[in-house]
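Note sheet for the following structure.
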Number of protein chains: 2
Amino acid sequence: MGIFSKTCEYALRAVFFIARRTVEGNRVGIKEIASGIDSPEHFLAKILQDLTRRGIVQSVKGPNGGFYLNQQSLARPLIEVIEAVDGDGLFRDCGLGLKECSSKNPCPLHSGFLEVRNRLQSMLESITIGQFNEDLNLGIVVLKK
Amino acid sequence: MGIFSKTCEYALRAVFFIARRTVEGNRVGIKEIASGIDSPEHFLAKILQDLTRRGIVQSVKGPNGGFYLNQQSLARPLIEVIEAVDGDGLFRDCGLGLKECSSKNPCPLHSGFLEVRNRLQSMLESITIGQFNEDLNLGIVVLKK
DNA sequence: ATAATAAAAGATGTTTTTGTCTTTTATTAT
DNA sequence: ATAATAAAAGACAAAAACATCTTTTATTAT
Ligand code: FES
Ligand code: FES
């Protein structure tokens, strides 16, 4: 288990991939996304269906159809994708699994966690889906290995 | 899903609980631990069996038996418990799920992740199992709610 | 030695996550 | 209108995580 669920990892890689195609002016089909990010095709399809319902990504059916991102979606911070898929537990729940996280009756790790998680949160709030297109095109960052 | 697995959350709460009893000079049975940290008894038993095999906690069978921690175990940093239970994936794997994490061919989140995870890692390396006994006794921190 | 105690080990069950396959619906080009 | 295309939806399956129950083994006090 990583910091995010597998589902969420696929979702993040997929939106990065779609963003890149979108700014090139194209929609992109599920097959191409799946092979471009090295994910199981039908499983990813489910994930993108859900993201589409939630308005995180856009899609059209039929010939020349596929997934794309509108301006609003391109500008979305990553944390919205993560919360749509995994919920906000990573940022709100107690790191030791206690029923709730609060600074009255904190668990032993509360203050340490708070600092790390706030840092993660603000990082994910400041990174947008669309901001890596150039680095992806240049091969400076990658979505599969 | 939190940052650690449920199994690991129970393990961490349990070692904190055992530490407290140990410095009072007592061994503590599985029933008392389970109720003291609000975890399923038989499931926790499996977890502690594993931690015992790995030498993270100590135990003796029979009357007056139970779990306890020797000096070395009391001084152990939390990260050793976590790595024993969840492995080191949280600190070594790619946050986007790519096959490996490295600064050549990084994923888009690599540098952001690196900073957050290093912070988490050094926090968990500097906190020891035994260091919260006083706070636990005073009720400043808690292991169940 | 015996009985009582408590962890260790083994067998089994449930739920969630992850993954696959098939059918249906919407859209587009002809 | 029709055929081709591609996502949406539904049914199903495997694996991992989480959990429970029973039997065995080691230890201690009597
Ligand atoms: S109470 Fe445990 S992290 Fe806040
Ligand atoms: S390559 Fe993704 S976190 Fe390092």
Side-chain angles (χ1 to χ4, degrees), chain A residues 1-15 17-18 21-22 26-69 82 85-87 89-90 97, chain B residues 1-15 17-18 21-22 26-69 82 85-87 89-90 97:
Chain A
M1 183 218 291
I3 185 153
F4 305 128
S5 67
K6 215 106 227 333
T7 303
C8 192
E9 292 173 350
Y10 292 145
L12 291 169
R13 307 219 301 270
V15 296
F17 189 90
I18 298 170
R21 282 289 187 284
T22 292
N26 300 309
R27 295 183 185 127
V28 54
I30 185 69
K31 272 193 188 21
E32 190 183 346
I33 305 172
S35 95
I37 69 170
D38 196 25
S39 75
E41 179 185 328
H42 296 286
F43 187 40
L44 180 63
K46 291 291 177 207
I47 297 167
L48 289 181
Q49 275 166 38
D50 186 55
L51 290 181
T52 302
R53 269 190 299 269
R54 293 169 185 273
I56 306 276
V57 308
Q58 284 69 50
S59 71
V60 299
K61 292 181 176 182
N64 280 311
F67 296 91
Y68 66 101
L69 299 173
I82 291 157
V85 178
D86 280 353
L90 185 58
Chain B
M1 187 216 289
I3 185 151
F4 306 128
S5 67
K6 213 111 230 327
T7 303
C8 191
E9 291 173 351
Y10 291 143
L12 290 169
R13 307 220 301 272
V15 295
F17 189 89
I18 298 169
R21 281 290 186 283
T22 292
N26 300 309
R27 297 181 184 129
V28 54
I30 185 68
K31 272 193 186 23
E32 190 184 347
I33 304 172
S35 96
I37 68 169
D38 196 24
S39 75
E41 178 186 327
H42 296 286
F43 186 40
L44 180 63
K46 290 292 179 207
I47 297 168
L48 289 181
Q49 274 166 38
D50 187 55
L51 289 181
T52 302
R53 268 191 299 269
R54 293 170 185 271
I56 305 276
V57 308
Q58 284 69 48
S59 72
V60 300
K61 292 180 177 181
N64 280 310
F67 295 91
Y68 68 100
L69 300 173
I82 291 158
V85 177
D86 280 353
L90 184 59

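By convention in this document, chain letters (A, B, ...) are assigned in the order of the sequence lines, proteins followed by strands, and residues within each chain are numbered from 1.
When the side-chain nitrogen and oxygen atoms of S5(A) are compared with OP1 and OP2 of dT17(C), none of them lie within a distance under 4.0 Å. Contact check, N64(B) against dT5(C): no side-chain N or O comes under 4.0 Å of OP1 or OP2. Contact annotation: R27(B) side-chain N/O to dA6(C) OP1/OP2 distance is not under 4.0 Å.
Remark: P of dC21(D) and CD1 of I30(B) are 15 Å apart, rounded to the nearest angstrom. To the nearest angstrom, C1' of dC18(D) lies 15 Å from CD of Q49(B). The separation between Q58(B) atom CD and dT27(D) atom C1' is 17 Å, rounded to whole Å. Rounding to whole angstrom units, CD1 of residue I47(B) and P of dA9(C) are separated by 15 Å. Separating the CD1 atom of I33(B) from the P atom of dA6(C) is a distance of 12 Å, rounded to the nearest angstrom. If you take NZ of K46(A) and P of dT24(C), they are 14 Å apart, rounded to a whole angstrom. Rounded to an integer number of Å, the gap from CG of L44(B) to P of dA9(C) is 15 Å. Between the CZ atom of F43(A) and the C1' atom of dA16(D) there is a distance of 13 Å, rounded to whole Å.
For K6(A) against dT17(C), no side-chain N or O and base N or O form a donor-acceptor pair under 3.5 Å.
Remark: dT27(C) base-pairs with dA4(D). Criterion, Watson-Crick or G-U wobble with two distances under 3.5 Å. Pairing partner, dT16(C): dA15(D), with both Watson-Crick or wobble hydrogen-bond distances short of 3.5 Å. dA9(C) and dT22(D) make up a base pair, with Watson-Crick or G-U wobble contacts both under 3.5 Å.
DNA chain C is contacted by both G62(A) and H42(A); H42(A) maps to the nucleotide lying nearer its 5′ end (nearest heavy atom per residue).
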